[in-house]
Amino acid sequence: MRGLHPRHVLHRPHGPQAYANDPERGQRPVPALSHHGSQRAVLLQTATLLGVLLLGYGYFGLLVPDPEARLQQLGLFCSVFTISMYLSPLADLAKVIQTKSTQCLSFSLTIATLLTSVSWSLYGFRLRDPYIMVPNFPGILTSFIRLWLFWKYPQEQDRNYRLLQT
């Protein structure tokens, strides 16, 4: 994450103030916001999603007076967001196939997604609730696709570290 690198988040002041609080090193880190384009894009995406959620809340809370209809539409709204969350890792699959490397995928996140999706799907099946069952099936499917990619393109050991010979 480029925006969280210390060089991007902190700056070192110059002049007499630089030495005020740290006599040993002569530096005093002062938090500063980075103004990188990628950080702005993330903030814009986050603000857009929050706006969509607020619009959804306003729509369901103010414009849909019938509680049963509100519950049905809210279930559909949440299902769409859940499906989009589970399908978002598919964007990296083209990169994995082109590079024949799974370095950009997280194995632990894949396992966690699979377990969570299966758990919620079984829970929804038990309740006979399609708004719980259906949105979690893409999570199961994409997890199996990613596990297959981990099998097909195993992650390589870091070349900076050699295995110890016994």
Side-chain angles (χ1 to χ4, degrees), residues 1-13 17 28-150 152-153 155:
M1 300 182 98
R2 186 175 184 199
L4 294 179
H5 191 277
R7 192 176 70 232
H8 298 251
V9 177
L10 301 173
H11 76 274
R12 313 244 185 251
Q17 289 292 60
R28 178 176 55 115
V30 178
L33 288 177
S34 172
H35 297 290
H36 294 294
S38 62
Q39 190 176 23
R40 285 186 189 147
V42 169
L43 289 173
L44 182 62
Q45 290 171 352
T46 304
T48 302
L49 287 175
L50 285 173
V52 168
L53 287 175
L54 287 174
L55 284 173
Y57 178 77
Y59 171 76
F60 294 117
L62 301 173
L63 298 177
V64 182
D66 180 36
E68 186 63 31
R70 182 182 315 149
L71 191 59
Q72 293 294 319
Q73 290 180 12
L74 182 61
L76 183 61
F77 182 76
C78 292
S79 294
V80 168
F81 268 103
T82 303
I83 290 171
S84 66
M85 175 192 68
Y86 284 133
L87 294 179
S88 65
L90 292 178
D92 291 332
L93 297 187
K95 181 179 178 184
V96 169
I97 292 169
Q98 284 176 347
T99 62
K100 297 183 191 267
S101 171
T102 54
Q103 291 296 116
C104 66
L105 296 179
S106 169
F107 186 77
S108 57
L109 182 61
T110 300
I111 297 299
T113 301
L114 177 63
L115 294 175
T116 303
S117 300
V118 167
S119 300
W120 276 108
S121 294
L122 291 174
Y123 179 69
F125 182 74
R126 178 86 169 110
L127 293 178
R128 300 185 203 289
D129 188 341
Y131 293 118
I132 297 175
M133 279 187 300
V134 173
N136 286 288
F137 282 125
I140 296 169
L141 180 66
T142 58
S143 294
F144 279 124
I145 291 171
R146 287 184 284 164
L147 285 173
W148 178 76
L149 287 171
F150 278 111
K152 185 166 175 82
Y153 308 117
Q155 288 185 338

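Annotation for Y131 and L76: closest pair CE2-N, 3.5 Å, computed over non-hydrogen atoms. Residues L115 and S119 approach most closely at O-OG, 2.7 Å, considering heavy atoms. The heavy-atom pair separating S79 from P135 by the smallest distance is OG-CG, 3.3 Å. T113 and S143 get closest at one heavy-atom pair: CG2-OG, 3.5 Å.
Residue M133 holds its CE atom at 9.0 Å from CZ of R128, rounded to the nearest 0.5 Å. Remark: R146 CZ to T110 OG1 distance equals 4.0 Å, nearest 0.5 Å. Taking CD of Q45 as the start and CZ of R40 as the end, the distance is 14.5 Å to the nearest 0.5 Å. The distance from atom CG of L43 to atom OG1 of T48, rounded to the nearest 0.5 Å, is 10.5 Å. The distance from atom CH2 of W148 to atom OG1 of T102, rounded to the nearest 0.5 Å, is 12.0 Å. Distance check, rounded to the nearest 0.5 Å: CG of L55 to OH of Y59 gives 12.0 Å.
In this structure, S121 and I140 have side chains that are in contact, with non-hydrogen atoms separated by less than 4.5 Å. At a threshold of 4.5 Å between non-hydrogen side-chain atoms, the residues L149 and I97 count as touching. Counting heavy atoms from C-beta outward, V96 and F150 have side chains that stay 4.5 Å or more apart.
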Exercise for review: Could you give me the CA-CA distance, side-chain angles and deciding distance for I111 and L147, then say whether side-chain contact (heavy atoms from CB on, under 4.5 Å) is met?
Suggested key: CA-CA 8 Å; I111 297 299; L147 285 173; 3.8 Å; yes
**Study point:** Test log, rule side-chain contact (heavy atoms from CB on, under 4.5 Å), inputs Y86 and T116
**Key:** CA-CA 11 Å; Y86 284 133; T116 303; 4.2 Å; yes
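No donor-acceptor pair closer than 3.5 Å links the side chain of T142 to the backbone N or O of L87. S84 contributes a side-chain N or O that, together with a main-chain N or O of F81, makes up a donor-acceptor pair within less than 3.5 Å.
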